[in-house]
> 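One structure coming up, written as C-alpha cells, with questions to follow.
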Amino acid sequence: MNVIDIHHNGDHIKLAKWLLFTAAVIQGILLSSLAWGADEQGDKGYQFPKAADFALFDANGKQWSLESTAGKPVVIHFWATWCPYCKKLQPGLERLRQTYQDTDLEMIAISFREDKGAQPQSVLKSRGIEIQTLINGDSVADLYGVKGTPTTVFINRSGEVVWVTQVSDPDSPKLAQAMEYILTP
C-alpha cells in the first residue's frame, strides 16, 4: 500500500500531521546543530541574534545597563535565591569570573521570581560568590525568554547572544568553551 493512499477514517490527516511534525523536528535539529556548530567552531559567518538592551538596579540602587558594556563579552546569570540548581552552578560561574577577572569580561546575575523579602546579593555573598546581582529582573527574564532557573546567557563582543543554557553542572566544559568563545576578539 502506498503511504499517500491511506484515507480510512481520517488517517490521511493524521499521517499528514505526523509528516509535518517530523519535518519540523528534523528542521529544528538541523538548525540547532548549525547554530551550535557555528558557536563551537567559531564560524563568524553565522548571524547570532542581538542581545536586547535593558537596565536594572542592584540592591544598593546602582543602575547597570547592557548598553554600558558595548564591545565587551557579557555573561548574564538568571537565578533565584530559592533555586537549588542555581546554588549548585554558582561556584562554577564564580571560578570562571575569577579566571577571567583580568579581561574585559562583564558577568552579572539577575535575580527574578523572588519571594517577598529576598536579599539576593546577601545570599550570593554568604555563598562566597562575588558576582554583582541585579534585582527585580522579571521583566528582563521575560525579554530574554527565560523560562526557568538557572539560565545563563553568553553575549559576544558584537552584542550577539551566542549561547543560552540551563546547565547546572558547575564543572561543565561547555561553560568554559562558551567563555573562551565570547572572549575571542
> Do Thr69 and Glu106 have side-chain atoms, one donor and one acceptor, less than 3.5 Å apart?
no
> Between Asp58 and Gln121, is any side-chain donor less than 3.5 angstrom from a side-chain acceptor?
no
> Flag the pair Phe154 / Leu175 as yes when at least one side-chain heavy-atom distance between them is below 4.5 Å, and no otherwise.
yes
> Does a side chain donor of either Glu160 or Gln47 reach within less than 3.5 Å of an acceptor in the other side chain?
yes
> Say whether Leu93 and Val164 are linked into one hydrophobic cluster, either directly or through other cluster members, by side-chain heavy-atom distances under 4.5 angstrom.
no
> A side-chain contact here means heavy atoms from C-beta on lying under 4.5 Å apart; do Gln101 and Leu96 qualify?
no
> Determine whether His77 and Ile108 make a side-chain contact, defined as any pair of heavy atoms from C-beta on separated by less than 4.5 Å.
no
> Flag the pair Tyr85 / Gln166 as yes when at least one side-chain heavy-atom distance between them is below 4.5 Å, and no otherwise.
no
> Can you check side-chain contact (heavy atoms from CB on, under 4.5 Å) on Leu105 and Leu183, steps first, answer last?
CA-CA 7 Å; Leu105 173 71; Leu183 284 163; 4.1 Å; yes
> Does any N or O in the side chain of Asn156 come within less than 3.5 Å of the main-chain N or O of Ser158, such that one atom is a donor and the other an acceptor?
yes
> Test your reading of the model: is there a side-chain donor-acceptor pair from Arg127 to the backbone of Gln90, 3.5 Å cut-off?
no
> Assigning hydrophobic clusters by single linkage (Ile, Leu, Val, Met, Phe, Trp, Tyr; side-chain heavy-atom cutoff under 4.5 Å), is Ile131 placed with Leu89?
yes
> Is the shortest side-chain heavy-atom distance between Tyr144 and Val140 below 4.5 Å?
yes
> Does some side-chain heavy atom of Val146 sit less than 4.5 Å from a side-chain heavy atom of Asp142?
no
> Should the pair Trp64 and Phe54 be assigned to parallel (<30°), tilted (30 to 60°) or perpendicular (>60°) ring geometry?
tilted
> To the nearest 0.5 Å, how far apart are CE in Met179 and CZ in Arg95?
11.5 Å
> In the structure I gave you, are the side-chain heavy atoms of Asn136 and Leu56 within less than 4.5 Å of one another anywhere?
no
> Does the side chain of Thr149 come within less than 4.5 Å of Trp82's, by heavy atoms?
yes
> Find out if a path of hydrophobic residues (ILVMFWY) with successive side-chain heavy-atom gaps under 4.5 Å connects Ile155 to Leu143.
yes
> If I compare all heavy atoms of Leu124 with all of Ala109, which pair ends up nearest, and what's the gap?
CD1-CB, 4.4 Å
> Ignoring hydrogens and geometry, is there a side-chain-to-backbone donor-acceptor pair from Asp138 to Phe112 under 3.5 Å?
no
